[in-house]
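Working notes, beginning with the structure itself.
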Amino acid sequence: MITIFSEDHRLQDGKAELIDGKLVPCFEMPKRAEIVHARVKEVGLGPIEAPRHFGRAPIVRVHKPDFVAFLESAYDEWKSEHGDYDALPLNWLAPRMRRKLPERIDGKLGFYSFDAGTPITAGTWRAITSSANVALTAQAKVANGERAVFALCRPPGHHAGSDFYGGYCFLNNAAIAAQAFRDGGAGKVAVLDVDYHHGNGTQEIFYDRGDVFFASLHGHPAQEYPYFLGYEDERGEGEGEGCNANYPLRWGTGWDEYETALDDALATLRRFKPDALVISLGVDTFKDDPISKFKLDSPDYLKIGRKIAGLKLPTLFVMEGGYAVEEIGINAVNVLTGFEAG
Ligand code: 6XA
Ligand code: ZN
């Protein structure tokens, strides 16, 4: 399996995030991608290639242009007002307040974000556009006949919506790639999100569409970030009615319960008859993940890969979360080798 990877991911190297009432070093760190990259090499998964450049057009197919322009200029605006250090938001809209774009950067950060865990740094724009290019380069290879390609994206993307960022995500790499499949002629596309956290951004982007099915297995929103989306009764709307499937799972979920949900999600996707499959590949479902509460073990990821292969679809794997840094390479690449064996 080919891997697409860019060193530019290192340009996203935030100092701190606000979590549990404390400013702590970012869990979403460059070392994550380095360890996955090293594991891809160690197991000899296949060639590792650099991304091509696709420009802004495929990004604004799923993100609003004003949001993308904000991401591009946010750090410079922050720096000229506050200084050369990471930008974090501090204020958000409550219900019944006015959604009107403020002039100052502090207001804009709150307007376009939903948490204080996602610093915008000096290198964020280059890192996130490279990450999107990684996904698009991998997508193009799958569209051109590769059975499966691994987009080793960093920063991740699945929390980013059409006009908001958060959860360490700025541009939704999986959604950008899913849309690229459609624009390249695929009639229907499925996105399966196996990250521990609900892919609220991907769900939001495709919620009213009948051509992209979104299925997600994740920590129950009653207990877990991002809290305000990801319930089972969110089934899509309008033309997208019936094209969204959420599997919220409680803290402590281990392989047996996970497998039941995964089998159901895969059966649902099979009935949709997609032409291509995008996997939002997070491995923060791991038992030792520092911010998550599922109990999957390293061999379980081989089984996940094997089950995904059973769909027999052209498949794009897009890296999302996973913070047990020592094991992230083993776990992520286990999904890929499990797929290849399947
Ligand atoms: C709260 C937790 C952010 C979760 C990020 C993640 N700061 N998403 O892994 O998949
Ligand atoms: Zn996650």
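Both counts, for ligands and for their atoms, begin at 1 and track the order of listing. Keep in mind that the numbers below use all heavy atoms, side chains included, and drop hydrogens, waters and symmetry copies.
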Checklist entry - If you count the atoms of ligand 1 from 1 in the order shown, which ones are under 4.0 Å from a heavy atom of D195? => result 8 (N), 10 (O)
Checklist entry - Would you call E77 and R104 a salt bridge, using N to O less than 4.0 angstrom? => result no
Next on the checklist: Report whether any nitrogen, oxygen or sulfur of E320 sits less than 2.8 Å from the Zn ion (ligand 2) (N, O or S, backbone or side chain).
Outcome noted: no
Checklist entry - Does the distance from a Lys or Arg side-chain N to an Asp or Glu carboxylate O, for D211 and R209, drop under 4.0 Å? => result yes
Checklist entry - When you check the gap from the basic side-chain N to the acidic O, do E7 and R154 get nearer than 4.0 Å? => result no
Item to check | Beyond-backbone contact of F150 with L152, side-chain heavy atoms, under 4.5 angstrom | outcome: yes
Checklist outcome for this item: The atoms of ligand 1 lying under 4.0 Å from a heavy atom of D284, numbered in the order shown, are 9 (O), 10 (O)
Checklist entry - Do the charged groups of K307 and E259 touch, with an N to O distance under 4.0 Å? => result yes
Checklist entry - Of all the atoms in H158, is at least one N, O or S atom closer to the Zn ion (ligand 2) than 2.8 Å? => result no
Next on the checklist: Nearest non-hydrogen contact with atom 6 (C) of ligand 1 belongs to which option: H198, H158, E17, H197?
Outcome noted: H197
Checklist entry - For the Zn ion (ligand 2), which N, O or S atom of H197 is at the shortest distance? => result ND1
Next on the checklist: Determine whether the aromatic ring centres of residues F70 and Y112 are separated by less than 6.0 angstrom.
Outcome noted: yes
Next on the checklist: Under 4.0 Å, counting heavy atoms only: does G167 come that close to any atom of ligand 1?
Outcome noted: yes
Item to check | Polar proximity ligand 1 side, Y323 side, N/O cut 3.5 Å exclusive | outcome: yes
Checklist entry - Using 4.0 Å as the upper bound for N to carboxylate O, is an ion pair formed by E34 and K31? => result no
Checklist entry - For the Zn ion (ligand 2), which N, O or S atom of D284 is at the shortest distance? => result OD2
Checklist entry - Does even one non-hydrogen atom of E320 get within less than 4.0 Å of ligand 1? => result no
Checklist outcome for this item: Atom name of the N, O or S atom of D195 nearest to the Zn ion (ligand 2) is OD1
Next on the checklist: Using a 4.0 Å cut-off to any heavy atom of H159, which atoms of ligand 1 qualify?
Outcome noted: 5 (C), 6 (C), 8 (N), 10 (O)
Checklist entry - Any ion pair linking K303 and D300 (charged N to carboxylate O, less than 4.0 Å)? => result yes
Next on the checklist: Does the Lys NZ or Arg CZ of R306 fall within the cation-pi geometry relative to F339 - under 6.0 Å from the ring centre and within 45° of the axis?
Outcome noted: no
Next on the checklist: Out of all atoms in ligand 1, which are within 4.0 Å of some heavy atom of Y225? Include the element for each.
Outcome noted: 1 (C), 2 (C), 3 (C), 4 (C)
